[in-house]
Amino acid sequence: MSGIRVIMKVHAAVLAAVISISCFGTSGGNRAAGDSASAPLAGQAESAGKANGFPVHYTYTVKNVYPHSEGSYTQGLYWHDGYLWEGTGQYGQSALMQVDLRTGEALRTVELDAGYFGEGIALLNNRIYQLTWLEGECLVYDAETLGMVGSFEYAGQGWGLTTDGTYLYMSNGSHEIFVVDPADFRRRNTIRVSVGRRRLNQLNELEWINGRIWANIYGLDQIAIINPEDGVVEGLVNLEGLLPDSERTPRTDVLNGIAYDETTGRIFVTGKNWSRLFEIEIIEV
C-alpha cells in the first residue's frame with residue numbers, strides 16, 4: 001500500500017449487512033474457510049450515538065503499515081510494553097506469541113497442544129489468559145516467563161477476550177459479552193449488544209479502548225464500538241478495502257485482531273493469515 005488510503009463513506013449495503021446479523025445465531029465459531037479532523041476514538045461515539053439512537057459511522061486512514069505473518073491465524077491481539085502479543089488458532093497450529101512490530105517476527109512463542117484451537121488473549125495482573133474455541137478451557141500463563149500457571153473451565157465457545165483492568169470480557173460469537181472474574185473465571189454479568197432494537201451477533205475479537213469495547217464482527221470488515229454499561233453500539237468503523245487485493249492469497253481470511261497502545265493512542269488491526277498489520281486512525285463520516 002502506498003501513501004494513506006481513505007475510504008470516504010460507509011455504504012448503506014454494508015450497514016444493512018451488519019444489522020442483518022441479528023437474525024443469526026452462533027454459526028460454528030472461528031473455523032477457517034476483514035483532511036478531516038480525527039475523532040477522539042470512542043468518546044464522540046458515546047455522545048452522538050446516544051443522542052440520536054443510531055451508531056456513529058467512521059471511516060479510517062492508514063498511519064503505518066507493518067509486516068504480519070501469513071501463517072498466523074489471528075484470534076487475539078493486544079499491545080504491551082513495546083510489543084504486540086498475538087494468539088493464533090487452528091488445530092495443531094495454535095500459539096501465543098510476543099511479536100516485534102517492525103519485523104512481524106515472533107520473539108517468543110508458546111505452542112498449544114494439538115487438541116486446542118486457540119482464541120482470544122488478554123493480559124491482567126501479570127497473567128495472560130488465552131481462550132480456546134470448543135475445548136471450554138482458558139489457559140493461564142505467567143506474563144514474564146510464559147510458563148503455564150493454571151487453567152479455568154467455562155461453558156460454551158470461546159472467541160474474543162479483553163480487560164478493563166479489573167475484569168475480563170469474553171465473547172462467544174453471539175450477541176453476548178460476559179464479564180468474567182479473573183480469580184475464578186465466573187461470569188459476573190452479561191452485556192447484550194444491540195444496534196438500535198436489534199441484536200448484533202458474531203462478536204469476535206475484543207479490545208478495551210477509552211472505556212468502550214471494540215469488537216470485530218465475524219465475516220465483515222466492520223468494528224463495533226460498544227458501551228459496556230448497556231451494550232449499545234455507539235459506533236461502527238468501516239474497514240472495507242483495508243487489505244489491498246494485491247496482498248490477498250487463497251489462504252487470506254477475515255479481518256480479526258485489534259490492539260491499542262494506551263500510551264500513544266495508536267490502534268492496530270489485522271486479519272487471519274493477513275500479510276500486513278495496519279496502524280489506523282478513525283474519522284467520523
Side-chain angles (χ1 to χ4, degrees), residues 1-11 14-15 18 34-51 54-68 74 76-86 99-104 160 162 164 195 203-217 220-228 233-248 254-272 274-285:
M1 173 176 286
S2 60
I4 295 177
R5 185 185 186 92
V6 182
I7 307 300
M8 293 309 296
K9 64 179 180 178
V10 176
H11 299 293
V14 176
L15 179 58
V18 173
D35 181 75
S36 296
S38 60
L41 307 179
Q44 286 193 0
E46 175 185 6
S47 57
K50 284 201 168 187
F54 295 98
V56 176
H57 297 166
Y58 295 93
T59 182
Y60 66 93
T61 63
V62 172
K63 308 296 289 184
N64 286 295
V65 182
Y66 302 97
H68 180 257
T74 307
L77 200 69
Y78 70 80
W79 176 270
H80 176 67
D81 198 23
Y83 296 98
L84 279 170
W85 290 80
E86 184 168 8
V99 179
D100 185 294
L101 175 65
R102 295 291 173 181
T103 66
T162 192
D164 63 357
V195 180
L203 300 175
N204 200 0
E205 215 270 318
L206 307 176
E207 182 75 355
W208 187 274
I209 302 179
N210 292 346
R212 297 295 181 264
I213 299 171
W214 288 41
N216 284 119
I217 304 169
L220 294 179
D221 293 332
Q222 297 275 336
I223 292 174
I225 301 174
I226 302 161
N227 187 327
V233 174
E234 297 178 341
L236 285 169
V237 184
N238 181 20
L239 295 181
E240 185 178 322
L242 181 60
L243 184 68
D245 290 342
S246 61
E247 294 283 342
R248 294 183 176 273
V254 298
L255 177 79
N256 200 49
I258 310 165
Y260 178 57
D261 179 358
E262 186 175 358
T263 302
T264 64
R266 293 183 297 176
I267 299 172
F268 304 101
V269 295
T270 190
K272 303 170 188 282
W274 280 27
S275 59
R276 304 293 178 191
L277 178 139
F278 300 88
E279 178 192 340
I280 65 167
E281 182 175 1
I282 67 171
I283 299 172
E284 185 175 341
V285 177

Student: Which residues satisfy the salt bridge (charged side-chain N to carboxylate O under 4.0 Å, His left out) test with D164, sequence neighbours excluded?
Tutor: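 So D164 forms no salt bridge (charged side-chain N to carboxylate O under 4.0 Å, His left out) with any residue.
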Student: Heavy-atom distance under 4.5 Å between the side chains of I225 and P55, does that happen here?
Tutor: no
Student: Would you name the heavy atoms of G271 and T74 that are closest together and state the gap between them?
Tutor: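 Here G271 and T74 meet closest at O-OG1, 3.4 Å.
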Student: Roughly how far apart are E247 CD and H68 NE2, rounded to 0.5 Å?
Tutor: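 The CD atom of E247 sits 12.5 Å away from the NE2 atom of H68.
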Student: To the nearest 0.5 angstrom, please state how far the OG1 atom of T162 sits from the CD atom of E205.
Tutor: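 If we round to the nearest 0.5 Å, T162:OG1 and E205:CD are 7.5 Å apart.
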Student: Keeping the roles fixed (side chain from T270, backbone from G257), state whether a donor-acceptor pair exists under 3.5 Å.
Tutor: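 Side chain of T270 to backbone of G257: no pair is present.
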Student: Of the non-hydrogen atoms in R266 and Y66, which two are nearest, and what is the gap between them?
Tutor: NH1-OH, 4.2 Å
Student: Check I226 against V233 and note the closest heavy-atom contact, atom names and distance.
Tutor: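 Scanning both residues completely, I find the closest heavy atoms to be CG1-CG2, 4.3 Å.
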Student: What distance do E279 atom CD and L101 atom CG have between them, rounded to the nearest 0.5 Å?
Tutor: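 It is 8.0 Å, given to the nearest 0.5 Å.
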Student: Any side-chain heavy-atom pair from D221 and L242 closer than 4.5 angstrom?
Tutor: no
Student: Could you tell me which non-hydrogen atom of N238 sits nearest to which non-hydrogen atom of Q222, and how far apart they are?
Tutor: OD1-NE2, 3.5 Å
Student: Which heavy atom of I223 sits nearest to which heavy atom of I258, and what is that distance?
Tutor: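 For I223 versus I258, the nearest heavy atoms are CD1-CD1, 3.8 Å.
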Student: Using a 4.5 Å cut-off on heavy atoms from C-beta on, say whether the side chain of W85 contacts that of V99.
Tutor: no
Student: For the atom pair CD (E86) and CG (L77), what is the distance rounded to the nearest 0.5 Å?
Tutor: 5.5 Å
Student: Calculate, to the nearest 0.5 Å, the distance between atoms CD and CG belonging to E262 and N210 respectively.
Tutor: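 These two atoms lie 8.0 Å from each other.
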Student: Taking F268 as the fixed residue, which of W214, W274, W79, F278 is the one that meets the ring-ring contact (aromatic ring centres under 6.0 Å, His included) rule?
Tutor: W79
Student: Side chains of E234 and N227: do they bring a donor and an acceptor to under 3.5 Å?
Tutor: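 N227 and E234 do have a side-chain donor-acceptor pair below 3.5 Å.
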Student: With rounding to the nearest 0.5 angstrom, report the CD1 to NZ distance, I267 to K63.
Tutor: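 The NZ atom of K63 is 11.5 Å from CD1 of I267, to the nearest 0.5 Å.
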Student: Using the test side chain to side chain donor-acceptor pair (under 3.5 Å), find all partners of S246 that sit at least two apart in sequence or belong to another chain.
Tutor: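 S246 satisfies side chain to side chain donor-acceptor pair (under 3.5 Å) with no other residue.
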Student: Grab the two heavy atoms, one from I280 and one from L239, that are nearest each other, plus how far apart they are.
Tutor: CD1-CD2, 3.9 Å
